[in-house]
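Here is the structure we will look at.
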Amino acid sequence: MLTLHFAERSPEAAVLVDGASVAAVGPYEELAAAAPRARVRRWPGILTPGLLNPYGPELLETTYHPDPREADILGTEPIGGARAREIFRGDPARLGASARRGVQRMLAHGTVAVAGELRSRAAVDAVRRAGLAVGQRPDRLPGPPALSPTPLILLPRLVPGGPARFAVFDVADRAELVRRGAGTCVATVIGGRLVYRRR
């Protein structure tokens, strides 16, 4: 089934998706006319190729992402450093669930690819199951590990025949995305599937 994604602030960059692939990229009006039976998904903001987060190991193997049921004790924010090491030492099985929750947080920030050498099977499995691409880690990392790293690293533009992997951010333009960060994500698509949608 064909799905046409377009964002209100970037209608010239609509994406027609056929299964797991990009069928066409172009102005919304042209794609809608070419595929009148496509299901249409309309988003606020801008549609982008999605983000590469270069901190895969740091966010998925050395950071603990608390289960919502642990909020009373651990809070809801990611835990790093000595506290995370203590949690994983106390119960190594927690790494797998934490990595899965970490991937979900990444998807909620428009991440469609990660970089860095993942060493634990739990993190590798979480990345693979989500369909995240694995990219090249930059020579110089931009700053501290974060779900919305500075600067943001956008993937190359979408092309017909390429993987249907992109993210939508509720901002007016890329300058505002850079200013406000990846927390403005409203939707993430990987393999043609909507893997995150802000409620």
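Side chains are part of it too, since the values below use all heavy atoms of this structure and drop only hydrogens, waters and symmetry mates.
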- Do you know which two heavy atoms are closest between P44 and E8, and how far apart they sit? CA-OE1, 3.8 Å
- Task: Looking only at non-hydrogen atoms, find the nearest pair between Y196 and A108 and report the distance.
- Result: CE1-CB, 3.5 Å
- Task: Go through I46 and E176 one step at a time and tell me if the side chain to side chain contact (heavy atoms under 4.5 Å, CB included) criterion holds.
- Result: CA-CA 10 Å; I46 63 171; E176 186 179 354; over 6 Å; no
- Query: L132 and side chain to side chain contact (heavy atoms under 4.5 Å, CB included): which partner among L52, T188, L107, N53?
  - Reply: L107
- Message: If you define the side chain from C-beta out and look only at heavy atoms, does anything of L152 sit under 4.5 Å from F169?
- Response: no
- Message: Within a 6.0 Å radius of atom CZ on R128, are there more than 12 heavy atoms belonging to other residues, nucleotides or ligands?
- Response: yes
- Check whether any side-chain heavy atom of L59 lies under 4.5 Å from a side-chain heavy atom of P78, and answer yes or no. no
- Task: Keeping the roles fixed (side chain from H109, backbone from P149), state whether a donor-acceptor pair exists under 3.5 Å.
- Result: no
- Checking S148 side chain against A182 main chain: does a donor-acceptor pair fall under 3.5 Å? yes
- Query: Is the backbone of E58 close enough, under 3.5 Å, to the side chain of T63 for a donor and an acceptor to pair up by distance?
  - Reply: yes
- With the side chain counted from C-beta on, respond yes when R85 and T62 share a heavy-atom pair under 4.5 Å apart, and no when they do not. no
- Task: Answer whether the closest heavy-atom distance between the side chains of R174 and L154 falls below 4.5 Å.
- Result: yes
- Message: Using a 6.0 Å cut-off, check whether atom CZ of R198 has over 12 heavy atoms from anything other than its own residue.
- Response: yes
- If every non-hydrogen atom of I153 is compared with every non-hydrogen atom of P138, which pair is closest and at what distance? CD1-CG, 3.9 Å
- Query: Between A122 and G96, which heavy-atom pair has the shortest distance, and what is it?
  - Reply: CB-CA, 3.5 Å
- Item | Within one Ile-Leu-Val-Met-Phe-Trp-Tyr cluster: L147 and I79, side-chain cutoff 4.5 Å | no
- Query: Using a side-chain heavy atom cutoff under 4.5 Å and only I, L, V, M, F, W and Y, what cluster partners does L194 have?
  - Reply: V15, V17, V22, V25, W43, L47, L158, F166, V168, V186, V189
- Is it true that R83 and E77 have a side-chain N and a carboxylate O under 4.0 angstrom from each other? no
- How far does CG of L118 sit from CG of D125, to the nearest 0.5 angstrom? 10.5 Å
- Item | Distance (rounded to the nearest 0.5 Å) between Y64 OH and D91 CG | 8.0 Å
- Message: With a 4.5 Å cut-off on side-chain heavy-atom distances among I, L, V, M, F, W and Y, is there a chain of contacts connecting M1 to V195?
- Response: no
- Look at R9 together with D173 and state whether they make a salt bridge at an N to O cut-off of under 4.0 Å. no
- Would a hydrophobic clustering, with Ile, Leu, Val, Met, Phe, Trp and Tyr connected at side-chain separations under 4.5 Å, put V112 with L51? no
- Taking S10 for its side chain and E12 for its backbone only, find out whether a donor-acceptor pair lies under 3.5 Å. no
- Applying the 4.5 Å side-chain criterion to the ILVMFWY set and letting contacts propagate, would V134 and L60 be lumped into a single cluster? yes
- Task: Working to the nearest 0.5 Å, report the span between OG1 of T111 and CG of L155.
- Result: 9.5 Å
- Message: Between R94 and E70 (salt bridge meaning N to carboxylate O under 4.0 Å), is one present in this structure?
- Response: yes
- Item | Residue pair D18 / A23: nearest heavy atoms and the distance that separates them | CB-CB, 4.0 Å
- Rounded to the nearest 0.5 angstrom, the CG-CZ distance for D67 and R101 is 4.5 Å
- Do you know the tightest heavy-atom contact between R137 and P54? NE-O, 3.1 Å
- Query: From I87 CD1 over to S98 OG, what is the distance, rounded to the nearest 0.5 angstrom?
  - Reply: 8.5 Å
- Tell me, yes or no, whether the heavy-atom count around R197 atom CZ, taken from other residues, nucleotides or ligands under 6.0 Å, exceeds 12. no
- Heavy-atom donor-acceptor pair, E61 side chain to A123 backbone, under 3.5 Å: no
- Atom CG of L2 and atom CZ of R39: how far apart are they, to the nearest 0.5 Å? 10.5 Å
